[in-house]
Amino acid sequence: MTKHLAVVTLLAGIVACRSTPGSVGAATTAAAPAARTGPPCPAPAELTGLARVAWGQPDAADVEVACVAARLGGGPAWVVYGLARDIPSDDGGETNARHTAVVTAAPPHAVIAASIEDELSFTDVDYGERPTYQAADLDGDGTDELVTTLEASPRGVFTTTLAITTVAGDELAVSEGIPIGYDDSASDAEPPGPTSCAADLRVVPDPDGRGQLIEVTASAATGDPDVAGACLSAGVHRFRYVDGALRPQ
């Protein structure tokens, strides 16, 4: 598996119809109104076509795509992300890739920034880290950040991590993550396991008027106290995005 950046320049002939946001493991509350972020994401058929062009994937690949409307790169944009499965490879086999592309919402849908994890095995696809995005202007500068939940399930251990993704030139930068969910009940956890903790998150106004905060409501952890120590304590936690990092308030 390799992870690197890929940028495609223009996307043509895609018409915006309606939004089809992805689902996330932790509940979220939308923060940015459609009037500020611009047109909603395309309907499924148009979105699939846009993703193929943005990701540079052939018609033979099976595309699974979600989209979030945001204000990035100086104007309305769409965050187009998901999987390309069963991509024909040069050796006659097939491979997979995970993509995120930020494109302008207005034609010709230029790609602002993009990232790709390619050469993914089927194990990587099914159990590796999977992002979901929500747009919110956390620091109040008029440009959205992407509130990111990263879900993974290696060896029967399900984890959820909160991070922030931003556009940095033609690249996507991801902040250091905060663990907000854990469940090893499907693994071979030793007693006193299994261990689990979970949390819901939402974006709320910053009382200081500087933007928005991320509010995480964590449940009490159960199971092995040594493992559960990595979980957030039960209750409400608020985080402010400052200088590229999430900081507790």
Less than 4.5 Å apart, any side-chain heavy atom of [X] and any of [Y]?
X: Val157; Y: Thr159; answer: yes
X: Thr149; Y: Leu201; answer: yes
X: Val167; Y: Leu172; answer: yes

Using a distance-only test with no angle check, is there a side-chain donor-acceptor pair under 3.5 angstrom linking Arg52 and Gln57?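 Judged by distance alone, the side chains do not pair up.
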
Determine whether the side chains of Thr148 and Thr165 contain a donor N or O and an acceptor N or O closer than 3.5 Å.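 There is such a pair (donor and acceptor under 3.5 Å, judged by atom type) between the side chains of Thr148 and Thr165.
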
If you round to the nearest 0.5 Å, how far is OH of Tyr127 from OG of Ser121?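 Ser121 atom OG to Tyr127 atom OH measures 10.5 Å (nearest 0.5 Å).
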
Locate the shortest heavy-atom distance separating [X] from [Y]; write the atom from each residue and the value.
X: Pro39; Y: Ala69; value: O-CB, 3.9 Å
X: Pro207; Y: Leu213; value: CD-CD1, 3.8 Å
X: Thr95; Y: Glu119; value: OG1-CA, 3.2 Å

Suppose we call two aromatic rings close when their centres sit under 6.0 Å apart. Are Tyr81 and Tyr133 close by that rule?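 Ring centroids of Tyr81 and Tyr133 are less than 6.0 Å from each other.
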
Step-by-step side chain to side chain contact (heavy atoms under 4.5 Å, CB included) determination, Val147 to Ile214: CA-CA 8 Å; Val147 180; Ile214 300 175; 3.9 Å; yes

Partners meeting salt bridge (Lys or Arg N to Asp or Glu O under 4.0 Å) with Glu94 (sequence neighbours left out):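 Glu94: no salt bridge (Lys or Arg N to Asp or Glu O under 4.0 Å) contacts found.
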
Could you check Asp206 against Arg240 for side chain to side chain contact (heavy atoms under 4.5 Å, CB included), going step by step and ending with a plain yes or no? CA-CA 8 Å; Asp206 187 338; Arg240 178 179 282 121; 2.8 Å; yes

What residues, two or more places apart in sequence or in another chain, satisfy ring pair (Phe, Tyr, Trp, His ring centres under 6.0 Å) together with His237?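 For His237 there are no ring pair (Phe, Tyr, Trp, His ring centres under 6.0 Å) partners, ignoring immediate neighbours.
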
Whether the side chain of Asp91 engages the backbone of Gly93 through a donor-acceptor N/O pair (distance < 3.5 Å, no angle test) should be reported.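 Yes.
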
Quick test of your reading: applying salt bridge (Lys or Arg N to Asp or Glu O under 4.0 Å), list the pairs with at least one residue in residues 100-111, sequence neighbours left out, ordered by first then second residue.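 Non-adjacent pairs meeting salt bridge (Lys or Arg N to Asp or Glu O under 4.0 Å): zero.
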
